[in-house]
Amino acid sequence: MDRSAPHPLLNDLPEVIHLPTRVWRHRELSAAVELLGMEMDRDARPGSDTILLTLLDLLLLYILRAWFEEQRVSGHSATGWAAALHDPAVAVALRAIHGDPGRQWTVEELGAQARLSRAAFARRFTHLVGQPPLTYLTWWRMTTAARLLRASDAPVNTIAQQVGYSSQYTFTHAFKRQYRSPPGSYRHHAG
């Protein structure tokens with residue numbers, strides 16, 4: 001995880017997550033634990049290290065999913081990012097933003113995706129996510145750009161276009177505001 005731009009979901013997490021035993025009704029979590037146990041009980045075989053790391057990643061995601069579901073069912077997540085994911089209107093908008101961060105989204109278009117008026121959508125999104133829709137869009141674009149800078153050697157102007165900036169100058173300015181470093185330096189130090 002990129003500690004310089006933590007995901008808003010992490011703000012909703014306590015220091016320790018406790019899942020009661022009844023959580024085993026989450027079949028995916030049970031299956032991941034079983035697979036992890038089977039892999040650890042065997043002698044090392046080709047690919048074991050990679051399989052264990054992948055299973056641990058899956059286990060973490062299934063634990064988080066189960067915990068958030070338990071919070072929602074018990075009524076503890078009325079606001080916050082996890083609640084936003086369970087809100088049909090806001091979840092649709094989040095999927096749209098995440099699916100096409102380079103699109104020139106407007107609040108009106110996102111509201112239409114959510115089947116709400118512009119004002120009602122903006123209020124609901126801001127209440128649940130904790131920031132206005134276009135502020136979140138900018139954050140997501142920068143987060144996506146940082147990931148692309150770390151994971152690829154695509155030119156900065158290509159990445160800028162992928163995340164919705166027609167000018168490398170405006171992209172560099174926005175990126176520097178978020179990460180306190182221009183994209184090229186960020187890539188150099190992240191690699």
Side-chain angles (χ1 to χ4, degrees), residues 1-15 17 19 26 28-29 57-58 60-151 158-181 183 186:
M1 293 186 169
D2 183 356
R3 294 186 185 276
S4 63
H7 194 280
L9 186 65
L10 297 178
N11 294 333
D12 294 342
L13 295 176
E15 280 192 39
I17 291 178
L19 292 173
H26 298 277
E28 302 93 347
L29 180 56
D57 285 344
L58 283 173
L60 173 62
L61 292 172
Y62 284 134
I63 287 170
L64 291 174
R65 180 188 280 174
W67 185 78
F68 280 117
E69 180 63 23
E70 292 293 316
Q71 294 299 298
R72 187 182 64 78
V73 167
S74 65
H76 289 101
S77 64
T79 61
W81 219 84
L85 293 175
H86 290 291
D87 181 274
V90 174
V92 164
L94 286 170
R95 280 193 299 277
I97 289 170
H98 290 190
D100 192 0
R103 183 170 169 178
Q104 297 305 309
W105 292 107
T106 64
V107 176
E108 189 171 350
E109 287 176 315
L110 290 168
Q113 293 272 328
R115 295 195 164 118
L116 293 172
S117 71
R118 179 188 180 284
F121 167 73
R123 276 192 307 275
R124 193 165 175 170
F125 190 99
T126 302
H127 173 72
L128 291 172
V129 175
Q131 55 188 326
L134 297 184
T135 302
Y136 179 82
L137 172 62
T138 300
W139 175 84
W140 182 249
R141 285 176 170 169
M142 293 300 106
T143 300
T144 302
R147 180 177 38 79
L148 291 170
L149 286 165
R150 288 190 310 269
T158 301
I159 291 173
Q161 289 175 351
Q162 284 180 295
V163 297
Y165 289 84
S166 57
S167 156
Q168 184 174 334
Y169 173 79
T170 55
F171 168 71
T172 298
H173 182 71
F175 192 89
K176 194 172 179 180
R177 189 173 51 242
Q178 175 91 25
Y179 288 95
R180 295 183 177 87
S181 171
Y186 179 88

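Worth knowing before you read on, the calculation uses all heavy atoms, side chains too, and leaves out hydrogens, waters and symmetry mates.
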Counting C-beta onward and ignoring hydrogens, is there a side-chain heavy-atom pair between Ile17 and Leu64 closer than 4.5 Å? yes

With sequence neighbours excluded, tell me which residues meet side chain to side chain donor-acceptor pair (under 3.5 Å) with Thr144. Trp140

For Ala84 against Leu94, the heavy-atom pair lying closest together: CB-CD1, 4.2 Å

For Ala89 and Ala114, the nearest pair of non-hydrogen atoms, with its separation, is O-CB, 3.3 Å

Just grab all the salt bridge (charged side-chain N to carboxylate O under 4.0 Å, His left out) pairs involving residues 126-142, residues at least two apart or on different chains. none

Rounded distance (nearest 0.5 Å) linking atom NE2 of His98 with atom CG of Leu137: 9.5 Å

How close do Ile97 and Pro133 get, counting heavy atoms only, and between which atoms? CD1-O, 4.5 Å

Nearest heavy-atom approach of Ser181 to Phe175 is O-CD2, 3.3 Å

So which heavy atom on Ala174 is nearest to which on Tyr165, and how close? CB-OH, 3.6 Å

The ring-ring contact (aromatic ring centres under 6.0 Å, His included) partners of Phe121 (sequence neighbours excluded) come to Phe125

Write out all pairs satisfying salt bridge (charged side-chain N to carboxylate O under 4.0 Å, His left out) with one or both partners inside residues 160-176, taking only residues at least two apart or from two chains. none

How long is the straight-line distance from CG of Leu134 back to CD of Gln131, given to the nearest 0.5 Å? 10.5 Å

Gap separating the CG atom of Leu85 from the CG atom of Leu128, nearest 0.5 angstrom: 10.0 Å

In short, Trp105 meets Ala96 closest at the heavy-atom pair CZ2-O, 3.5 Å

Please work out whether the ring planes of Trp139 and Tyr136 are parallel, tilted or perpendicular, with thresholds of 30° and 60°. tilted

Arg180 meets the side chain to side chain donor-acceptor pair (under 3.5 Å) criterion, sequence neighbours left out, with none

Do other residues, nucleotides or ligands put more than 12 heavy atoms under 6.0 Å from Glu28 CD? yes

Contacts satisfying salt bridge (charged side-chain N to carboxylate O under 4.0 Å, His left out) that involve residues 113-135 (not counting sequence neighbours) are Asp87-Arg124

Donor-acceptor pair, distance only, cut-off 3.5 Å: does the side chain of Gln104 make one with the backbone of Gly164? yes

Going from CE on Met142 to OH on Tyr186, what distance comes out if it is rounded to the nearest 0.5 angstrom? 11.5 Å

